[in-house]
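Please read all numbers here as calculations on a predicted model, not as lab measurements.
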Amino acid sequence: MICVIKFCIVVCVCVVVVVVAMFAVLNKKRKVGLVVVVLIALLVFVFALRERNSFDSVGSKGVGTKRESSGNDVMQVVSMDTVVASLNKIVVDTNAQHQILQHEIDILAERQDKILKKLEDLTGSIHIGGEIGKKVGMVSKVKETGIIRSDADDDDNNNSNNNAKTSNNNGNGNKEIRHEDKQLQSKRDIDEPDSSEHMRSRAEKMNKEQKIVNKHICEHMLESDKLVVIVAMVHNRMDYFKYFIDSLKNMRYVEYALLVVSQDMFLEELDAILSQIDFMCYVSVFYPGSLQLHPSSFPGKDPNDCPRDVSREDAERMKCINAETPDQYGHYREAQYTVIKHHWWWKLNFVFQRMPALKGHSGFKVLVEDDHVLAPDTIHMLLKVKGLPAMDRTHLVVLGDYDAQKRPFNGRAIQSLVWVSTKHNMGMAVTNKFFDLLHRCSPDFCNFDDYNWDWTLHHLSHKQCFGGSSINAIMFQGARIQHIGVCGVHVKSNDCSAENAYKQAMMLYSNSNNELFPTELDVSVGRVQHPFAIKGNGGWGDTRDHNLCLKFSQT
């Protein structure tokens with residue numbers, strides 16, 4: 001009878017300890033629970049070993065049999081195998097319960113992370129108040145105690161989905177976020193107010209001084225119509241930009257050119273690349289609406305801006321700043337995309353209206369980007385085409401399209417055609433005539449609901465904003481410009497090597513050396529179809545963007 005009582009006591013103690021261990025697991029003190037389980041297992045093992053020794057002293061007949069006492073009571077002697085089997089069953093059941101509880105804990109933790117992320121998104125887009133404010137406050141307190149940690153803590157807000165928006169390079173792809181934006185964080189800490197203020201002052205000084213570096217090289221050309229002004233819009237793709245500069249170095253008649261670097265970021269690597277330019281004149285200007293200068297205010301992303309995909313009803317309930325101005329598709333502005341159209345429009349107006357050194361210039365201003373490269377005879381071709389009779393009815397010259405690698409290089413061939421946004425949006429050489437006509441259409445450009453500058457030009461061409469006609473262009477069929485930005489805002493590739501892309505581009509010119517620097521040009525007539533009407537790709541519904549754009553166009 002004593003053995004039975006001892007066994008019952010052991011079983012009860014085991015059950016109590018198992019409950020304690022389960023409670024510890026539920027409170028995320030898993031190590032404590034496991035230690036308790038191990039200790040009770042050792043205790044049971046010692047007890048069982050002791051009892052076995054006592055049974056062995058009675059004799060082999062006493063094990064697993066019944067024997068009579070002095071009275072009528074019958075004592076059941078429990079065998080060692082039965083004890084071990086019972087303990088094994090307890091252990092198996094405990095493990096099963098632990099797995100079930102662990103699975104439930106993981107599910108709850110995942111749900112907590114999702115809820116926390118949504119509430120954190122709300123904190124950046126609303127004036128906290130009411131029930132939402134209470135919930136956000138509760139979550140903040142929980143996070144401060146370390147009970148809950150959300151993966152959203154490390155989110156850099158650069159993962160916006162961009163469905164229903166098309167590419168401004170090929171016209172048929174959904175916009176994706178560029179991976180190169182990691183340089184934004186690696187170069188400088190741009191989130192500190194003092195740093196942003198310092199950079200704004202530096203940018204203002206640059207735009208005021210407009211210092212021409214290596215001025216002695218091109219000084220004799222500054223008042224000549226033969227001067228070719230190359231206006232490069234530069235972001236942070238320095239691995240591409242250095243090859244763009246390399247292509248300029250290999251260009252003949254570079255002393256006839258002035259490079260205007262319109263940058264929207266201060267980067268040490270950019271400064272280093274520019275400091276190595278000793279073969280041509282250049283001047284650096286800075287886009288004042290840069291996200292680097294305005295990391296937490298318009299035209300950057302204001303904390304109280306509406307989230308892109310929130311409904312208008314929810315936006316009005318949240319009282320975010322731009323609740324009343326979604327785009328035509330019901331989406332709200334994304335600063336990382338509106339900045340591109342703003343920058344393009346600002347640098348065009350700045351170069352034509354706010355650079356005293358170019359006040360009397362009536363030659364070509366070539367609009368390029370940091371991931372373009374130019375052919376060795378680019379300036380030769382521009383000076384050659386300038387005197388053609390076809391230029392009288394032409395608004396701009398296009399240095400090439402995106403099919404340069406897909407057809408034989410014909411250096412003499414040029415084509416007169418109607419400008420198409422998806423084909424002719426790089427290497428546009430424009431003159432005062434083009435700018436004057438475009439400037440008259442500033443309200444249409446600034447108010448059209450499309451975040452792409454080139455699709456906006458397409459819209460203006462359809463409306464015949466250019467002297468009562470569409471945009472008429474002359475294009476070099478033997479492309480004098482190529483796009484090497486295989487990875488960027490609108491383009492993705494498995495091979496993002498700028499070096500490989502540059503080598504392939506330059507190989508086109510080295511293999512076609514006998515086609516470069518032609519003495520005569522062959523002019524043909526190409527596509528003359530009137531541009532089709534477009535609705536616009538959205539992303540440009542905020543009146544703040546409209547007003548800023550119009551401000552840039554003021555004389």
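Across V398 and A473, no two heavy atoms sit closer than the pair CG2-CB, 4.1 Å. Looking at every heavy atom in both residues, Y509 comes nearest to R480 through OH-C, 3.5 Å. Of all the heavy atoms in F466 and H395, the pair that sits closest is O-NE2, 3.5 Å. Taking each heavy atom of D305 and C320 in turn, the nearest pair found is C-CB, 4.0 Å. Considering all non-hydrogen atoms of both residues, A479 and F409 come closest at O-CE1, 3.5 Å. Across all non-hydrogen atoms, the minimal contact from G400 to I481 is N-CG2, 3.7 Å.
Using modelled atom types, no side-chain atom of D450 and backbone atom of G536 make a donor-acceptor pair closer than 3.5 Å. At distances below 3.5 Å, not a single donor-acceptor pair connects side-chain atoms of K301 with backbone N or O atoms of L291. No side-chain donor-acceptor contact under 3.5 Å links N452 to the backbone of D454. No side-chain donor-acceptor contact under 3.5 Å links S470 to the backbone of H530. In this structure, Y282 contributes its side chain and L274 its backbone to a donor-acceptor pair below 3.5 Å. No donor-acceptor pair closer than 3.5 Å links the side chain of H343 to the backbone N or O of V234. With hydrogens and angles disregarded, no donor-acceptor distance shorter than 3.5 Å links the side chain of S461 to the backbone of H458. No donor-acceptor pair under 3.5 Å is formed between the side chain of D246 and the backbone N or O of K242. Using a distance-only test at 3.5 Å, with no hydrogens or angles considered, no donor-acceptor pair links the side chain of N472 to the main chain of V418. A side-chain donor-acceptor contact under 3.5 Å links S290 to the backbone of D264.
The SG atom of C441 sits 9.0 Å away from the NE2 atom of H459 when rounded to the nearest 0.5 Å. The distance from the CZ atom of R333 to the CZ atom of F298 is 5.0 Å, given to the nearest 0.5 Å. The distance from atom NZ of K319 to atom CG of N304, rounded to the nearest 0.5 Å, is 12.5 Å. The structure places OH of Y502 at 8.5 Å from OH of Y243, a figure rounded to the nearest 0.5 Å. From M381, atom CE reaches atom CG of L399 across 9.0 Å, with rounding to the nearest 0.5 Å. Between atom CG of residue D449 and atom CH2 of residue W540 there is a gap of 10.0 Å, rounded to the nearest 0.5 Å.
Contact check for L367 versus K347: side-chain heavy atoms found under the 4.5 Å cut-off. Using a 4.5 Å heavy-atom cutoff, the side chains of F445 and C465 are not in contact. Using a 4.5 Å cut-off on side-chain heavy atoms (C-beta onward), Y451 and T456 make no contact. W344 places a side-chain heavy atom less than 4.5 Å from the side chain of L457. Side chains of K365 and N432 form a contact here, defined as non-hydrogen atoms less than 4.5 Å apart. No side-chain heavy atom of M265 sits less than 4.5 Å from a side-chain heavy atom of L270. Looking at heavy atoms from C-beta onward, R544 lies out of side-chain contact with T338 at the 4.5 angstrom threshold. With a 4.5 Å cut-off on side-chain heavy atoms, K205 and K208 do not count as touching.
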Going through the checks in order, is the side chain to side chain contact (heavy atoms under 4.5 Å, CB included) test met by V385 and I474?
CA-CA 9 Å; V385 78; I474 286 179; 4.2 Å; yes
Would F364 and T431 satisfy side chain to side chain contact (heavy atoms under 4.5 Å, CB included), going step by step from the backbone distance to the final call?
CA-CA 5 Å; F364 285 119; T431 62; 3.7 Å; yes
L374 and I230: side chain to side chain contact (heavy atoms under 4.5 Å, CB included), yes or no, with the steps?
CA-CA 11 Å; L374 300 178; I230 302 172; 4.3 Å; yes
Before you tell me yes or no, could you show the steps for R317 and E313 under salt bridge (Lys or Arg N to Asp or Glu O under 4.0 Å), namely the whole-Å CA-CA distance, both residues' side-chain angles and the distance that decides it to 0.1 Å?
CA-CA 6 Å; R317 190 179 304 113; E313 292 75 14; over 6 Å; no
Under the side chain to side chain contact (heavy atoms under 4.5 Å, CB included) criterion, do F448 and I534 qualify, and how do the steps go?
CA-CA 11 Å; F448 183 63; I534 60 172; 4.0 Å; yes
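The 12-atom threshold is exceeded at CZ of R312, counting heavy atoms of other residues, nucleotides or ligands nearer than 6.0 Å. By the 6.0 Å contact criterion, CD on E324 is open, its count of non-hydrogen atoms from other residues, nucleotides or ligands being 12 or less. Atom CD of Q328 sits in a crowded spot, with more than 12 heavy atoms from other residues, nucleotides or ligands closer than 6.0 Å.
For F241 and H235, the ring centers sit 6.0 Å or farther from each other.
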Can you give the donor-acceptor pairs under 3.5 Å from side chains of residues 348-359 to other protein atoms, not counting sequence neighbours?
unit_1, atom_1, unit_2, atom_2, d
N349, OD1, Q353, NE2, 3.4
N349, ND2, W345, O, 2.8
R354, NH1, F552, O, 3.4
R354, NH2, Q554, O, 2.4

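With hydrogens and angles left out, the side-chain atoms of H439 and S553 include no donor and acceptor closer than 3.5 Å. Side-chain atoms of H342 and D545 form a donor-acceptor pair, as typed in the model, at a separation below 3.5 Å. When only modelled atom types and interatomic distance are considered, T325 and N322 share no side-chain donor-acceptor pair under 3.5 Å. H483 and D371 are linked by a side-chain donor-acceptor pair at a separation below 3.5 angstrom, with hydrogens and angles left out of the test.
Aromatic ring orientation, F286 versus F266: parallel (interplanar angle below 30°, classes split at 30° and 60°).
The one candidate from Q477, H424, R407 that meets the side-chain hydrogen bond (donor to acceptor under 3.5 Å, both in side chains) condition with D401 is R407.
Ion pairing between E204 and R200 fails under the 4.0 Å rule for side-chain N and carboxylate O.
Partners of Q405 according to the side chain to side chain donor-acceptor pair (under 3.5 Å) rule, which considers only residues two or more places apart in sequence or in another chain, are Q482.
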